[in-house]
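Please read the structure below before turning to the comments.
Just so you know, these numbers come straight off a predicted model, no measurement behind them.
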Amino acid sequence: MMNLSEFLVKNLNPPQADAVQTTDGPLLILAGAGSGKTRVLTHRMAQIIADGKAAADEILCVTFTNKAAKEMEHRIYKLLSEINVPIISHLWINTFHAFCVRVLRQHIEMLDYEKPFTIYDSGDQLSLIKKVLQMLNLNDKMYPPKSFQSRISHSKMLGLQPENLKSNNSRSIIDQKTLEVYTRYEIEMKKANALDFDDLLLKTYELFRMYPDLLVQYQNKFRYIMVDEYQDTNHIQYLLIKMLASGHQNICVVGDEDQSIYSWRGADISNILNFEKDFPQAKVVKLEENYRSTKSIVEAATAVISNNSERKDKTLFTNNDQGDAIYVRLERNEYDEAKFVAKEIQRLLSSGYNNLNDYAIFYRTNAQSRVLEEQLRTSSIPYRLIGGIRFYERAEIKDLISYLRVSINLNDNIAVKRIINVPARGIGKTTVEHLDEISINQNISFFEAIKYAVDQRAFNAGTTSKLRRFADIIDDLVAQQKNYKISDFYPLVLDKTEYLVALKKENTTESEARINNLEELSNAIVQFEKERGEEATLSAYLEELALASDLDQKDPEFNAVTLMTLHISKGLEYPFVFIVGCEENLFPSMRGDDVDESDLEEERRLAYVGMTRAREKLWLTHAQMRRVWGQEQMNLPSRFINEIPKNLVQHSSGAATAPPSSFAQRYRARNASTNSFDDSQAFPDYDSSPSYATSSSSSKAEYIKGQRVRHPTFGAGSIFDVEGNSDNLKVSVLFQDNTIKKFIARYARLEKI
């Protein structure tokens, strides 16, 4: 008869079984993509309980999402019921934050807070920071609240309170103004008897540090500790886990440094890389067999990630079938790229692969979804966005669309109300409500109510001045929009409203993403003009958007293609995966000549994550030209494509030409030290035509291919193409960050060097 230990490992491979049966002492499980780590974790916990080494509530298992915690809990209950081991106590399978809340609920009074305490979400936190700025007489236009929110959060993730940051050594972490805001913010939080999300971890750490006896109590309570996704832990999470495990050292961490992709939100890859230094007696078990993907996909992903230096010595493999080669597709631009993806999905659907839920499209930035959404809609392919909002439903897009609407219709009350205080002008809710009353009582539009209130001095001098300034901006836009085509009017709106300036001042990951979306709206407008020609009026554009929005209302449970960023794809899997925009400067998202190696390695880990989501077929697509703020820009194919062995790749092209050889040579020279790019392999099957050659037309004499020039915005570069004549003369310039931008010569403001 099979004993419990044999039952728990009977369907595991040798490394998995080894990890399950290693219950005492520090253990590092390096779990490659698709290697069954959740199964190992749950079986290991069941093994400890079945062996009687600890009761269910004496094991602490920490993960990163509520979904993962619930899934593990469900599996544990099911597994133990199969071996007839009853659970008579509560399981401690939690997220880090949920675990800390459970601790603080019991002991918060020891930190001089009262029970119960309030937990502030991100919106509450931002509101309090705005109040603090008022207390400190800081203008929230000059000092965006979200910037302080981001810096305070970063400090707390490092375990740093205001008193820790007052030394000169901390100047690189936080500036003096932020320290003032942080200090006052903490005072106000204490008055409110409230903790923010970062406090939940930081205050628990403080509690254990200030009260060693309490720490010992919890060390004794949790005889075994397990941490999932250890590569995603930040510094304060690392400190907490190290504290709790420092006595018995029965700590098991599971993770994959090759999937560490969240440094921008505080994750520290050194936590997993240095585990053996923190726990010198640690045993390391490598789960290297992938059960998810074909051999081609596993071998391609492994070849790419092997170029990183910040990683452990492990090699992913699979016993699955070889499967298809990786499809690499070159298209002329992002629109043709999206059309190719849509047509390829339609082809597969007609071939019998007809479950739309099997298809996923990944991209580096949210802004890229716009073109894909439009093309899927045109092709009548249902889709859903994961972790994002449909492009035209995003707040910043709706804001700018509202400005465009108001510029041709001052009676659009909804649009005026939306933008009256966006970006922030100090026009509050009470003022808006009063304006509403004026509008109703006088039977006039909301915008007319603003002018009426200014003329009649219905508010104090400060509010009147703010309303007058807003009315002047709108009047100016109404007058100007008649003189410009949409693509020229749109940047004027951004400039007059200072919307872009406000986002740049925030200087956060969120504001950067919103700027990318505004850039993509600019590209959408240029494309609309290209397609409609003389019919491309602002009213026609807004009508088209309204119709597109109506088509967007679909059942979220509908069978549909999935769209998401590469970051969100982690932990998921699909039979068919398209990764679009595989180009230098987009993916990897690197700008300028000074490339930070650690940032590049994280981008490569992101590529590895995306590739290993695919089970059966994987496409990597890239475009020859892509619009950036309405200007055509050229990037080379992503270096990650070139890092895949040639025998695993099937190239195809829908574009007529390859980038100029001079561009590839320049890129190769920049990367010669790392040997990461070989231009002889960058376009193996692509036709190279002479379309980039310079004509000898006399009208082009002013600009010569290879000539050095300087642009007031983009800096120095060299001319690599000249086309057209007279007023239609266009000049393409290769800049120092290896991007190519095309300008109309008479507007380009190019200075010869």
Side-chain angles (χ1 to χ4, degrees), residues 29 31-46 56-57 59-81 87 90-103 119 121-122 157 197-198 200-201 225-234 237 240-241 252-256 258-262 264-267 272 287 291-292 357-362 366 383-389 555-575 577 605-606 609-610 612-615:
I29 302 175
S35 62
K37 71 177 178 65
T38 304
R39 183 173 186 153
V40 169
L41 268 178
T42 52
H43 281 242
R44 187 175 185 274
M45 183 180 286
D57 64 348
I59 304 171
L60 173 63
C61 184
V62 192
T63 186
F64 276 82
T65 66
N66 288 314
K67 181 182 176 184
K70 288 176 182 175
E71 171 67 16
M72 287 184 64
E73 188 172 283
H74 172 73
R75 289 202 198 187
I76 285 289
Y77 277 115
K78 185 173 182 294
L79 193 55
L80 290 175
S81 68
I87 294 183
H90 185 79
L91 289 168
W92 281 72
I93 303 178
N94 303 107
T95 63
F96 274 96
H97 290 91
F99 163 70
C100 290
V101 167
R102 291 177 74 173
V103 173
I119 300 174
D121 64 15
S122 179
M157 280 192 286
F197 257 58
D198 295 307
L200 298 178
L201 278 67
I225 297 172
M226 295 198 288
V227 186
D228 191 17
E229 303 286 8
Y230 191 63
Q231 78 281 348
D232 292 336
T233 51
N234 61 32
Q237 290 163 338
L240 274 169
I241 291 300
C252 167
V253 301
V254 183
D256 181 6
D258 290 335
Q259 296 185 67
S260 179
I261 58 173
Y262 297 123
W264 50 276
R265 67 184 190 198
I272 192 168
L287 306 183
Y291 292 94
R292 177 188 301 152
N357 291 326
D358 288 344
Y359 298 84
I361 306 172
F362 302 155
N366 270 310
Y383 68 90
R384 70 170 63 85
L385 262 72
I386 302 295
I389 305 169
D555 182 349
E557 299 302 317
F558 200 66
N559 186 29
V561 174
T562 303
L563 280 71
M564 70 183 79
T565 63
L566 282 152
H567 279 100
I568 295 173
S569 74
K570 187 169 176 289
L572 303 174
E573 58 182 73
Y574 298 87
V577 168
R605 292 194 291 270
L606 195 55
V609 165
T612 54
R613 300 311 95 194
R615 293 207 300 260

Query - Nearest-0.5 Å distance, CZ of residue Arg605 to CG of residue Asp256 - result: 10.0 Å
Requested in this report: Would you confirm whether Asn357, through its side chain, and Ala560, through its main-chain N or O, come within 3.5 Å as a donor-acceptor pair?
Outcome: yes
**Report entry** Heavy-atom closest contact (Asn234 atom, Gly266 atom, distance)
**Finding:** CB-O, 3.1 Å
**Report entry** Beyond-backbone contact of Val40 with Val254, side-chain heavy atoms, under 4.5 angstrom
**Finding:** no
Query raised in the report: Taking the six-membered ring for Trp, are Phe96 and Phe64 ring centroids under 6.0 Å apart?
Result: yes
Report summary line: Distance col, row Ile261:CD1 vs Ile568:CD1, nearest 0.5 angstrom, shows 10.0 Å
Requested in this report: Ignoring hydrogens and angles, tell me if any N or O in the side chain of Asp57 forms a donor-acceptor pair with the backbone of Trp92 under 3.5 Å.
Outcome: no
Report summary line: Of all heavy-atom pairs linking Cys252 and Arg44, the shortest is CB-NH1, 3.4 Å
Report summary line: In this structure, OH of Tyr383 is separated from OG1 of Thr562 (nearest 0.5 Å) by 12.5 Å
**Report entry** Verdict with supporting geometry, Leu572 and Met564, side chain to side chain contact (heavy atoms under 4.5 Å, CB included)
**Finding:** CA-CA 11 Å; Leu572 303 174; Met564 70 183 79; 3.7 Å; yes
Query raised in the report: At what distance, to the nearest 0.5 angstrom, does OG1 of Thr38 lie from CZ of Arg75?
Result: 5.0 Å
Report task. Examine distances only and state if a side-chain atom of Tyr262 and a backbone atom of His567 form a donor-acceptor pair shorter than 3.5 Å. Result -> yes
Report task. Take Asp228 and Lys37 through the test side chain to side chain contact (heavy atoms under 4.5 Å, CB included) and record every step on the way to the result. Result -> CA-CA 9 Å; Asp228 191 17; Lys37 71 177 178 65; 2.9 Å; yes
**Report entry** Neighbour count >12 (heavy atoms, 6.0 Å) for atom OH, Tyr77
**Finding:** yes
Query raised in the report: Are the side chain of Arg102 and the backbone N or O of Ala98 linked by a donor-acceptor pair below 3.5 Å?
Result: no
Query raised in the report: Tell me, do Gln237 and Asp232 make a side-chain contact under 4.5 Å, heavy atoms counted?
Result: no
Report task. Indicate the atoms forming the closest heavy-atom contact of Arg613 with Ser569, along with that distance. Result -> CD-O, 3.2 Å
Query raised in the report: Would you say the side chain of Ile361 lies within less than 4.5 Å of the side chain of Val561, judging by non-hydrogen atoms?
Result: yes
Query raised in the report: Do you know which two heavy atoms are closest between Cys100 and Leu240, and how far apart they sit?
Result: SG-CD1, 3.9 Å
Requested in this report: Can you measure from CG (Leu91) to CD1 (Ile59) and round to the nearest 0.5 angstrom?
Outcome: 8.0 Å
Query raised in the report: Are Leu41 and Thr63 close enough that some pair of their side-chain heavy atoms sits under 4.5 Å apart?
Result: no
Query raised in the report: Charged N to carboxylate O below 4.0 Å: is that the case for Asp358 and Arg615?
Result: no
**Report entry** Heavy-atom closest contact (Phe362 atom, Gly610 atom, distance)
**Finding:** CE1-O, 3.8 Å
Report task. Could you give me the CA-CA distance, side-chain angles and deciding distance for Ile29 and Leu287, then say whether side chain to side chain contact (heavy atoms under 4.5 Å, CB included) is met? Result -> CA-CA 7 Å; Ile29 302 175; Leu287 306 183; 3.7 Å; yes
Report task. Kindly give the heavy-atom pair with the smallest separation between Met72 and Cys61, and that separation in Å. Result -> CE-SG, 3.3 Å
**Report entry** Separation between OG1 of Thr233 and CE of Met157, rounded to the nearest 0.5 Å
**Finding:** 12.0 Å
Query raised in the report: Judged by atom type as modelled, is there a donor-acceptor pair below 3.5 Å linking the side chain of Arg292 to the main-chain atoms of Ala33?
Result: no
